[in-house]
Amino acid sequence: MTANLKRGASTENDKKPKKAKQNIGSDSESELSDVPDEPQQPPQVEQVTQVKQESPSNLKHASDVTPKVENTNGLENSSDLVNLKEIENNKVSNDQDLNTSTVSPKKSSKSNKPSEDSDFDEKPKARSSRRSASAKKEKKENVTDDEKKTPKKTPKNSSQPPNQTPNGDVKDEGDDEDDYKWWAEQGGFGDGTERWSTLEHNGVFFPPEYIPLPKQVKMKYDGKLVELSNEAEEVAGFYAAVLGSDHAADETFNKNFFQDFQSVLRDHPPLDGTKIKDFEKCDFSPIREHLDIEKEKKKAMTKDEKKHAKEQRDEIENPFTHCLLDGRKEKVGNFRIEPPSLFRGRGAHPKKGKLKLRIRPEQITINIGKDAKIPDAPPGTNWGSVQHDNTVTWLATWKENINGAYKYVYLAPGSTLKGQSDMSKFEKSRELKHYIGNVRESYEADLQNKVMFDRQRATAAYLVDRLALRAGNEKGEDEADTVGCCSLRCEHVMLRPPNLVTFDFLGKDSVRFYQEDIKVDPQVFKNLRIFKKEPKGPQDPIFDRIHTTVLNNYFRGFMKGLSAKVFRTYNASITFQEELKQTPNEGTVAEKLLSFNRANRNVAILCNHQKNVSKSHDATMDKMGDRLKALKYQRRKLRQMLAQVADDKKVYKDHPSFKDEESDLEDEWMDAHEENERDKEVERQKKKFERDNEKLRNEDQKEMKPEDLGERLQEVEEKWKTVTKERRAGKPDVGKKNQTQLTTAMQKMEDRLEAFRVNASNKDEVKDVSLGTSKINYIDPRITVAWCKAYEVPVEKVFAKTLLTKFTWAMETSPDWKF
DNA sequence: CCGCTAACTTAGCAAACCAGCT
DNA sequence: AGCTGGTTTGCTAAGTTAGCGG
């Protein structure tokens with residue numbers, strides 16, 4: 001299998017250093033003074049205002065946009081304004097509660113909408129009584145009576161009458177209003193901790209129990225078929241499924257798998273007494289073959305069969321796909337409980353390959369409204385526990401056995417709950433705009449602080465802000481060795497005077513962060529040198545005095561809710577908005593999209609969002625190279641035709657490029673190309689001949705003879721011979737085309753060539769860049785929507801269906817909206 | 001201050017789907 | 001009309017952050 005080039009390869013011997021947090025040196029004020037290249041002066045003013053470093057990489061980095069947001073005097077005013085506003089809002093919200101529940105009533109007519117096939121047709125609940133009479137859609141019978149009973153009104157939201165907007169108008173817009181536009185109400189969700197007042201759902205969907213393999217399908221051990229217990233067979237099947245993948249070649253994966261496999265075998269030994277002791281003697285391929293056949297069968301099903309199967313699946317999943325939150329039907333995200341499998345940790349995860357156990361209802365905690373009916377656990381089982389906590393947003397949770405981490409069932413990205421969080425995330429990072437000047441000023445000054453703690457904190461802040469690094473929590477022995485800002489080790493940072501730094505480390509998901517010779521603030525350079533100093537070794541942390549909590553506490557001092565991750569969102573969005581300014585005002589939608597994608601790409605590079613280069617990428621590029629040559633070939637022909645009819649002075653004066661010869665277009669290639677084209681034409685002629693004859697036959701007329709075809713083919717041959725001859729002579733036949741026509745054609749050809757080139761190089765440049773992640777998580781969708789409106793590009797061109805749903809809250813943004 | 005828990009966002013990969021081509 | 005390659009969606013791992021208890 002292809003090795004993963006993107007991820008840093010982990011070698012056996014690169015053991016990670018464990019929590020090497022020894023204190024090096026004391027934290028006294030004077031500790032920094034004995035460092036040779038440390039300036040002894042107090043912080044210099046000019047350092048604070050110094051120019052931001054140029055980003056050395058190809059990406060236009062936040063530094064480019066700094067001036068726009070960085071502030072001078074207006075800043076303080078604006079932040080004061082913001083604060084005032086905040087206060088006002090809070091005041092309002094204290095009375096009215098900006099929580100979902102309160103702001104909702106206005107568009108409640110949604111409940112009148114004909115229901116979809118789900119258990120949760122919206123039922124006008126508690127506060128909907130007013131209009132429910134007119135509206136109420138007959139709800140499906142599978143909603144139990146218990147669910148029907150009037151839910152409580154939470155105390156907090158009882159103060160507001162249901163059908164009113166905050167300003168008190170009663171809105172009743174009729175039945176057609178489908179969506180509850182929470183974003184049209186004031187201010188997202190308030191700072192109350194309650195996220196909902198009523199919540200009903202049907203629990204979670206469990207994967208089917210294991211179905212044993214057909215009797216004849218068995219794994220082999222030491223060449224002999226083994227009669228496995230069902231329990232062991234299931235695990236063997238998990239391994240069979242990864243055969244041929246990178247995992248199957250991974251030592252850790254195999255070791256962990258086999259350990260867990262043996263443990264299952266101990267509890268459920270093979271029925272034939274086989275002792276499975278040696279992984280090398282295991283042969284799972286018979287199981288794999290069976291799985292492959294099953295897959296083929298599935299693929300071979302007719303369209304109808306597939307559709308039918310899907311309908312059946314949907315039918316049983318239906319009760320779990322939606323819930324009722326504050327009386328609104330909302331989509332649930334991951335309602336399917338994760339099936340058992342082999343743990344596929346990323347990078348060099350020490351636990352990869354371990355058996356992830358099947359989740360039983362007894363392990364699950366259900367979270368649901370107080371007055372809602374508690375969903376039935378599967379027959380014969382019980383939920384682990386049930387709680388009614390409306391300060392959290394999950395419907396169910398369980399603890400996973402590999403890392404002991406909690407898993408949750410949440411609502412889908414398009415839900416109000418998620419939408420509100422999303423919007424407030426962007427509002428928060430947008431707010432940073434007003435504080436960023438202060439923050440930068442502060443940490444830039446602190447870069448020279450005499451206290452090591454402060455200086456490290458400032459340097460870390462610099463990296464988080466300028467390089468978009470993640471905070472970088474400490475990680476455990478039993479996790480992949482990846483780092484972020486605060487957990488950087490000396491070995492990850494190389495210094496080259498006067499002020500160039502190379503970063504090379506594995507970040508989240510073991511994606512390599514590699515940037516060579518980044519020009520940093522000279523003071524940052526000096527600091528890094530100090531932090532790396534003896535007696536620290538390569539495995540020791542750069543920032544030995546601080547950690548993420550320290551850094552975040554520092555950030556929070558500037559602005560409510562400010563933490564390291566906000567910088568990524570802020571810098572991503574502001575960069576995107578800035579880059580979009582280069583969109584051509586005139587030009588086709590395709591050209592505008594190119595600008596959009598380029599901006600998107602730069603953000604992705606900023607955030608180091610990578611992906612594996614697809615296996616077919618090289619082939620695709622080769623193909624494109626060929627098509628490019630074909631275009632050049634045509635251009636060459638046009639150019640030579642034009643040369644024959646052109647009156648030199650004018651045409652070439654207007655279009656000097658028309659004289660340029662095509663690069664990289666060899667005679668050999670052209671010979672082959674012409675042969676190729678000829679062959680294709682021959683094929684076409686043959687097919688056409690067949691078709692024509694078929695038609696004649698059907699019309700009872702007499703068919704053409706093979707000789708007729710031969711004649712046609714002869715003509716084709718002749719034609720191409722001439723073409724080749726003329727081409728070699730450099731004098732293609734001009735025919736009746738005049739200079740004007742040829743000039744136009746030539747111009748068109750040049751445009752096409754250029755577009756093609758741009759496209760191709762674009763494609764190559766993004767081959768290992770993942771655009772999706774930033775689009776989904778970092779770029780404020782309102783920037784995108786505003787851009788689409790301003791440049792008349794349909795949003796559907798840039799947001800796929802799920803994103804349109806996820807970002808409904810941003811769709812009404814006006815063209816002149818600014819992040 | 002530290003380590004741990006809980007809840008949430010962010011992330012890349014692979015399966016599924018779809019559109020553009022022959 | 002089936003294939004192919006690119007895009008979209010689903011999945012779940014891997015982060016961040018705040019809060020808590022010692």
Side-chain angles (χ1 to χ4, degrees), chain A residues 4 6-7 19 21 193 195 241-242 245-247 295 298-299 306 310 333-339 341 343-347 349 351-352 356 365 367 389 391-394 397 399-400 402-413 417-418 421-422 425 464 470-476 479-480 482-487 506-511 547-553 555-556 561-566 568-569 572 604 607-612 614-617 619-620 623 680 683-684 687 763 767-778 799-806:
Chain A
N4 191 332
K6 187 186 66 194
R7 291 210 166 97
K19 315 215 165 170
K21 264 219 158 169
T193 47
R195 301 298 304 270
V242 307
S245 72
D246 290 350
H247 292 304
K295 211 189 237 169
K298 233 184 202 170
K299 225 169 90 187
K306 280 182 192 163
K310 185 168 172 11
N334 53 330
F335 57 87
R336 294 183 194 90
I337 293 295
E338 296 174 12
S341 65
F343 176 70
R344 291 149 120 95
R346 317 259 170 90
H349 195 120
K351 293 186 176 177
K352 59 160 69 173
K356 191 168 101 171
T365 298
N367 190 41
D389 182 354
T391 67
V392 297
T393 65
W394 51 267
T397 184
K399 203 170 183 174
E400 152 265 4
I402 304 284
N403 298 301
Y406 292 92
K407 302 277 186 152
Y408 301 86
V409 173
Y410 292 111
L411 297 193
L417 232 41
K418 288 286 190 186
S421 303
D422 212 29
K425 170 185 79 186
V464 162
R470 296 186 184 85
N473 284 303
E474 290 285 320
K475 293 193 73 187
E479 299 172 271
T482 63
V483 300
C485 181
C486 295
S487 47
L506 299 186
K508 181 177 179 181
D509 291 312
S510 293
V511 171
H547 45 86
T548 54
T549 310
V550 166
L551 190 59
N552 283 334
N553 287 342
F555 286 142
R556 208 170 20 242
L562 185 60
S563 66
K565 81 194 265 288
V566 179
R568 271 168 79 82
T569 315
C607 297
N608 200 39
H609 291 145
Q610 300 184 245
K611 67 172 189 204
N612 272 326
S614 90
K615 284 162 263 147
S616 56
H617 178 78
T620 308
K623 247 181 232 171
K680 274 196 237 161
E683 279 311 303
R684 277 199 299 272
K687 281 218 177 103
K763 183 167 234 157
K767 66 173 185 284
D768 57 351
V769 179
S770 172
L771 301 185
T773 307
S774 49
K775 211 192 240 187
I776 293 167
N777 299 303
Y778 287 102
F799 284 154
K801 206 168 62 201
T802 43
L803 282 191
L804 286 173
T805 312
K806 170 170 175 167

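Every chain is numbered from 1, with letters handed out A, B, ... down the list of sequences. In what follows, every heavy atom counts, from backbone to side chain, and hydrogens, waters and symmetry copies are set aside.
Between His247(A) and Val392(A), the residue whose closest nucleotide on DNA chain B is further toward the 5' end is Val392(A). With DNA chain C read from its 5' end, the first of the two nearest nucleotides for Lys623(A) and Gly333(A) is the one closest to Lys623(A). With the nearest nucleotide of DNA chain B identified for both Asp389(A) and Lys295(A), Asp389(A) has the one nearer the 5' end.
In this structure, CG of Asp422(A) is placed 8 Å from P of dT9(B), rounded to the nearest angstrom. One interatomic measurement links the two molecules: OH of Tyr410(A) to P of dT12(C), which rounds to 15 Å at whole-angstrom precision. Between Lys611(A) atom NZ and dT7(C) atom P the separation is 7 Å, expressed in whole Å. What separates NZ of Lys299(A) from C1' of dG2(C) is a distance of 12 Å, to the nearest Å. If you take OH of Tyr408(A) and P of dT12(C), they are 17 Å apart, rounded to a whole angstrom. Residue Leu803(A) contributes atom CG, which lies 14 Å from atom P of dT7(C) at whole-angstrom precision. Between the NZ atom of Lys352(A) and the P atom of dC13(B) there is a distance of 12 Å, rounded to whole Å. To the nearest angstrom, C1' of dC11(C) lies 12 Å from CZ of Phe335(A).
Taking the six-membered ring where the residue is Trp, Tyr408(A) and Trp394(A) present tilted rings, their angle falling between 30° and 60°.
Not counting sequence neighbours, the partners of Lys306(A) by the side-chain contact (heavy atoms from CB on, under 4.5 Å) test are Met301(A). Remark: Lys310(A) pairs with Arg313(A), Asp314(A) by the side-chain contact (heavy atoms from CB on, under 4.5 Å) rule, at least two apart or across chains. Taking the salt bridge (Lys or Arg N to Asp or Glu O under 4.0 Å) definition, one finds that Arg568(A) meets it with nothing, sequence neighbours left out. Legend: residues meeting salt bridge (Lys or Arg N to Asp or Glu O under 4.0 Å) with Lys356(A), ordered by chain and number and at least two apart, are Glu338(A). Residues meeting the salt bridge (Lys or Arg N to Asp or Glu O under 4.0 Å) test with Lys295(A), sequence neighbours left out: none. Contacts of Tyr778(A) classified as ring-ring contact (aromatic ring centres under 6.0 Å, His included), with partners at least two apart in sequence or in another chain: His609(A). For Lys352(A), the salt bridge (Lys or Arg N to Asp or Glu O under 4.0 Å) partners are Asp250(A), not counting sequence neighbours.
Looking at heavy-atom distances under 4.0 Å, Pro413(A) makes no contact with the nucleic acid at all.
If you check dG15(C), dA13(C), dT10(B) against the side chain of Arg346(A), the one that comes closest is dA13(C). If you check dG5(C), dT9(B), dT10(B) against the side chain of Ser421(A), the one that comes closest is dT9(B). Here the nucleotide nearest the side chain of Trp394(A), chosen from dA11(B), dT10(B), dC8(B), is dC8(B). The nucleotide whose nearest atom lies closest to any side-chain atom of His547(A) is, among dT12(C), dC2(B), dG15(C), dC2(B). For Ala800(A), the listed nucleotide lying nearest its side chain is dT8(C); candidates were dT8(C), dG15(C), dA14(C).
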Between protein and nucleic acid, restricted to nucleotides 16-21 of chain B and to nitrogen or oxygen atoms under 3.5 Å apart, what atom pairs and distances do you find?
none

Please list, pair by pair, any protein nitrogen or oxygen found under 3.5 Å from a nitrogen or oxygen in nucleotides 16-18 of chain C.
residue, atom, partner, partner atom, Å
dT16(C), OP1, Ala471(A), N, 3.3
dT16(C), OP1, Gly472(A), N, 2.7
dT16(C), OP2, Asn473(A), N, 3.2
dT16(C), OP2, Asn473(A), ND2, 2.9
dT17(C), OP1, Ser563(A), OG, 2.8
dT17(C), OP1, Ala564(A), N, 3.1
dT17(C), OP1, Lys565(A), N, 2.6
dT17(C), OP2, Asn552(A), ND2, 2.8
dT17(C), O5', Asn552(A), ND2, 3.4
dA18(C), OP1, Arg556(A), NH1, 3.1
dA18(C), OP2, Arg556(A), NH1, 2.8

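Considering only side-chain N and O atoms, Lys351(A) lies nowhere under 4.0 angstrom from the phosphate OP1 or OP2 of dA13(C). The phosphate of dA7(B) has neither OP1 nor OP2 within less than 4.0 Å of any side-chain N or O from Lys407(A). Close to dA11(B), at under 4.0 Å from its OP1 or OP2, lies no side-chain N or O of Thr773(A). OP1 and OP2 of dA13(C) both lie 4.0 Å or more from every side-chain N or O belonging to His349(A). For dC13(B), the OP1/OP2 oxygens have a side-chain nitrogen or oxygen of Asn612(A) closer than 4.0 Å. At dA13(C), none of the side-chain N or O atoms of Arg344(A) fall inside 4.0 Å of OP1 or OP2 (strictly under the cut-off). Between dA7(B) and Thr393(A), no contact under 4.0 Å exists linking OP1 or OP2 to a side-chain N or O. Applying the 4.0 Å criterion to OP1 and OP2 of dA11(B), one finds that Tyr778(A) has a side-chain N or O inside that range. Taking side-chain N and O atoms only, Ser616(A) has a distance below 4.0 Å to OP1 or OP2 of dG6(C).
Judged by distance alone, with hydrogens and angles left aside, Lys508(A) brings a side-chain donor or acceptor within reach of the base of dT10(B), the pair sitting under 3.5 Å.
For the pair His547(A)/Glu474(A), no side-chain contact is recorded, criterion being any heavy-atom separation below 4.5 Å from C-beta on. In this structure, the side chains of Thr482(A) and Arg346(A) stay at 4.5 Å or more apart for every pair of heavy atoms.
To the nearest 0.5 Å, the span separating NZ on Lys508(A) from CG on Leu506(A) amounts to 15.0 Å.
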